[in-house]
Every structure is written in C-alpha cells, then in structure tokens.
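Here is the structure we will look at, set down as structure tokens.
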Amino acid sequence: MASSSLYRGRFAPSPTGPLHAGSLVAALASWLDARAHGGIWLVRLEDVDTPRCVPGASEHILQQLASCGLVSDGPVLWQSQRGAHYQQALDQLIANGHAYPCGCSRKDIETVLQSQGLSRERHQTAVYPGTCRPERGGLQGKPAHAWRFALDPASTDVRWSDRRLGPQTQNVATAVGDFVLKRADGLWAYQLAVVVDDAAQGITHVVRGEDLADNTPRQIVLQRALAVPTPAYLHTPLVLGVNGEKLSKQNGAQALDLSDPGAALAQAAASLGLPVSARSLPEALALWAQAWPYHHVATRP
C-alpha cells in the first residue's frame, strides 16, 4: 500500500434522500482510494440546494456511512453554512472580470437558441448564448437574475486525464456556455460551491460517479480563475436501474437496505471489480483497499 500524508479525498453526497446502491459505490470507492494511499477521507454534505434537501437526510446519510465503517477523518462540512465563502469567491471573480450579471430567463434562452436553429438533447442543459455578456451590451435594462462565469474564448478547450477513463477533452463554450455561479433564486450553484470547498479542504483527489465527469471541465476553468489547485479525478462506473438509466433518487432508487452492511458493501465492491470476501466488515474493507486497482496512478495534474 502506498503512503501519502498529502492525499486528501472526500465523499460529498447531496441530502435529497438516503443513500442508495449507486451512492454507496461512490462512497466506498472514495474511501478505498484514500485508504490505498494512506490519506485522509472527509465527508461533505452538499446541502446548498436547500429546496431539494430532505429534513433529517444529512444525519441519516452519516448514520448509513457509519454502519458501513465509513467515517470521516475530520469534521463534516455543511455547504449550507458556507455562503460567505462562496460570496467571497464570486466577488473575486467579478473583480477580475470572470463573472457578470445575467437577466435571462430559461424561456429567453430557449427563444434565442430556437431562433438560431439550435436544439438540445433530453436532460441536456441549454447552452447559454451569451446574451448578457458585457461586450454584447450587458443587461440592457433587464434586472439581474443570476451571475454567470465569463468564459475566456481563448481557453475554453479543457483537457484533463481521468484516472479511470483516460484522456478527456471538452470545449466548455460549445458544451454549456457561460455557466451559472449564483442562481436566480439566490442559491449558490454547484460548480462554484464544489470548487471553493475542494480548495478550502485541501482536496487533492476527487473520486465520484461517472455521471459527474462532464462537470470536471467547468470546475477546472473555475479553479484556474480562482488560482486554486486542480485535484486528480477518478470517475467510477455507474450503477444502472432496471430501465438502463443511472440509479438515482430522481428515478426512484430505493434506500439502501443496511440490515446487513457487509452484504451491501460486498455488492458495491463487486460493482467496482473487487474480489468477493466473506470476512468481517473491517477485514473486507482492508482487503479491498489492498486490491484497489488505481493506487499507482494517483498523481495530480
């Protein structure tokens, strides 16, 4: 087993409900990666989207993790308590010309895209057409609803290497456009919050589900704009539901049955290609950490 006191990883669930089979895979993978590198594993509750959060879900998630032997090595971070830090980051971006106010509604954006003959696929976010960019006249009398990141046209092609998926590339301008930092309802956007918190917690390695891989380039351009380090990324295989789509709370994923935590963890381990183990829970976790296949490629970019 490698040893690195510089390794700091995290598991960051959203408390929109209890953990399900897919989220346990992500939790176990991030814990094993930290243990395989002799590092620190932290838990962060991403409860910044308060309307979607279920009362008591945060505490329930922490209990679920503890029953599986997955306990944070440091204090749990709650995003809902960190608004001042996100505002400070937004102020920095505004001062450096990396953010601007936007007065467009979703309908406004769709109308512009339709007039340009552009459409979007199901579940795909509409690519912002840049209507309120300062060089296009800004708000032009409209009230500001949100704040967006001002992409630099010269550096929107982002390339990075995922520890499992290999070399990746995305043109952020054509994939999503100037993305939201602070929403029209006053809530902080995921992209800004996660970058600020990863930097504040000194996160060196991010292990999370493959469905979040396309968020990585947006986070990298934000990291560069805020002059904070870029972690190493590893995106794990997804657990699919019977309909072939990603298992998630939104499509009715059932809460974990933790009457036998060892069995639930064994199923998660199997999804990660790890060996079957009939040992006790601590022994099984130790075995999987030894067998973790990504211990040799955990370098930061």
Side-chain angles (χ1 to χ4, degrees), residues 8 10 12 44 46 48-49 79 82 85-102 104 109 113 118 120 123-136 138 144-184 187-235 299-301:
R8 291 175 67 86
R10 47 76 162 178
R44 177 168 73 227
E46 297 193 336
V48 69
D49 192 352
Q79 283 191 332
R82 293 184 48 76
H85 298 275
Y86 308 144
Q87 185 63 57
Q88 184 179 18
L90 178 58
D91 291 342
Q92 178 182 336
L93 293 170
I94 294 169
N96 293 331
H98 293 306
Y100 62 91
C102 176
C104 297
I109 297 170
L113 294 177
L118 302 174
R120 61 187 176 94
H123 300 316
Q124 183 184 42
T125 302
V127 177
Y128 184 63
T131 308
C132 293
R133 284 184 70 99
E135 65 269 26
R136 296 190 183 182
H145 293 309
W147 283 88
R148 291 184 178 272
F149 183 76
L151 288 166
D152 180 355
S155 57
T156 60
D157 256 334
V158 177
R159 290 176 171 81
W160 78 102
S161 183
D162 185 90
R163 292 168 52 207
R164 171 176 163 262
L165 302 175
Q168 304 290 309
T169 184
Q170 184 189 90
N171 186 301
V172 185
T174 57
V176 295
D178 294 342
F179 52 90
V180 171
L181 302 171
K182 191 173 187 180
R183 296 171 11 179
L187 296 177
W188 296 101
Y190 164 75
Q191 307 297 349
L192 180 65
V194 72
V195 166
V196 170
D197 290 341
D198 280 346
Q201 292 187 288
I203 300 301
T204 60
H205 293 73
V206 171
V207 179
R208 58 189 180 188
E210 190 174 332
D211 57 313
L212 293 173
D214 67 351
N215 287 270
T216 305
R218 276 171 279 178
Q219 291 165 19
I220 290 175
V221 296
L222 263 178
Q223 289 156 358
R224 292 171 180 170
L226 290 168
V228 298
T230 294
Y233 289 96
L234 189 160
H235 290 89
T299 55
R300 299 175 75 175

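Values in this document were obtained by computation on a predicted structure and should not be read as measured data.
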**Request:** Considering non-hydrogen atoms only, spot the tightest contact between Ala144 and Pro101 and give its length.
**Result:** CB-CB, 3.8 Å
**Request:** Quick one: pull up CZ in Arg82 and CD in Glu46 and give me the separation to the nearest 0.5 Å.
**Result:** 11.5 Å
**Request:** May I have the step-by-step check of side chain to side chain contact (heavy atoms under 4.5 Å, CB included) for Leu93 and Leu222, ending in yes or no?
**Result:** CA-CA 9 Å; Leu93 293 170; Leu222 263 178; 3.8 Å; yes
**Least distance between heavy atoms, Cys132 atom then Cys104 atom** = SG-SG, 3.6 Å
**Chi angles and distances behind the side chain to side chain contact (heavy atoms under 4.5 Å, CB included) call for Leu192, Lys182** = CA-CA 8 Å; Leu192 180 65; Lys182 191 173 187 180; over 6 Å; no
**Message:** Donor-acceptor pair, distance only, cut-off 3.5 Å: does the side chain of Arg164 make one with the backbone of His235?
**Reply:** yes
**Asked** Okay, side chain of Asp178, backbone of Ala150: is any donor-acceptor separation there less than 3.5 Å?
**Response** no
**Message:** Can you confirm whether Val207 sits close enough to Arg163 that some side-chain heavy atom of one is under 4.5 Å from a side-chain heavy atom of the other?
**Reply:** yes
**Prompt:** With side chains defined as the heavy atoms from C-beta onward, is the minimum distance between Val176 and Val127 less than 4.5 Å?
**Reply:** no
**Prompt:** Between the side chains of Gln201 and Arg44, is a donor N or O closer than 3.5 angstrom to an acceptor N or O?
**Reply:** yes
**Request:** Output yes when a side-chain donor or acceptor of Asn96 lies under 3.5 Å from a complementary backbone atom of His98, and no otherwise.
**Result:** no
**Request:** Quick one: do Arg136 and Thr131 satisfy side chain to side chain contact (heavy atoms under 4.5 Å, CB included)? Show the steps, please.
**Result:** CA-CA 7 Å; Arg136 296 190 183 182; Thr131 308; 5.5 Å; no
**Request:** Measure the spacing between CG of Leu151 and OH of Tyr128 and express it to the nearest 0.5 Å.
**Result:** 12.0 Å
**Prompt:** Between CZ of Arg148 and CZ of Phe179, what distance do you get to the nearest 0.5 Å?
**Reply:** 10.5 Å
**Item:** Nearest atoms (heavy-atom pairs only) where Trp160 meets Pro217
**Value:** CH2-CD, 3.5 Å
**Asked** Ile94 versus Trp147: any side-chain heavy-atom pair under 4.5 Å?
**Response** yes
**Message:** Taking the side chain as everything from C-beta on, heavy atoms only, tell me whether Pro231 gets closer than 4.5 Å to Gln223.
**Reply:** yes
**Request:** Give the intermediate values and the outcome of side chain to side chain contact (heavy atoms under 4.5 Å, CB included) for residues Thr216 and Gln170.
**Result:** CA-CA 9 Å; Thr216 305; Gln170 184 189 90; over 6 Å; no
**Prompt:** Between Ser155 and Val221, what is the shortest heavy-atom contact and its length?
**Reply:** O-CG1, 4.4 Å
**Request:** Taking the side chain as every heavy atom from C-beta outward, state whether Gln191 and Val195 have any pair of such atoms under 4.5 Å apart.
**Result:** no
**Nearest heavy-atom neighbours spanning Leu226 and Ala89** = CD2-O, 3.8 Å
**Message:** With no hydrogens and no angle check, just 3.5 Å: does a side-chain donor-acceptor pair link Asp197 and Gln79?
**Reply:** yes
**Geometric cation-pi criterion, Arg218 with Phe149: 6.0 Å, 45°** = no
**Prompt:** Can you tell me if Thr169 uses its side chain to pair, donor with acceptor, with the backbone of Arg159 under 3.5 Å?
**Reply:** no
**Message:** Heavy-atom count check: over 12 atoms from other residues, nucleotides or ligands less than 6.0 Å from Gln87 CD?
**Reply:** yes
**Request:** Kindly indicate whether the side chain of Val48, heavy atoms from C-beta on, has any atom under 4.5 Å from the side chain of Arg183.
**Result:** no
**Cys102 SG to Leu181 CG distance, which is reported to the nearest 0.5 Å** = 11.0 Å
**Request:** Test Tyr233 against every option in Leu165, Val206, Leu212 by the side chain to side chain contact (heavy atoms under 4.5 Å, CB included) rule and name the one that passes.
**Result:** Val206
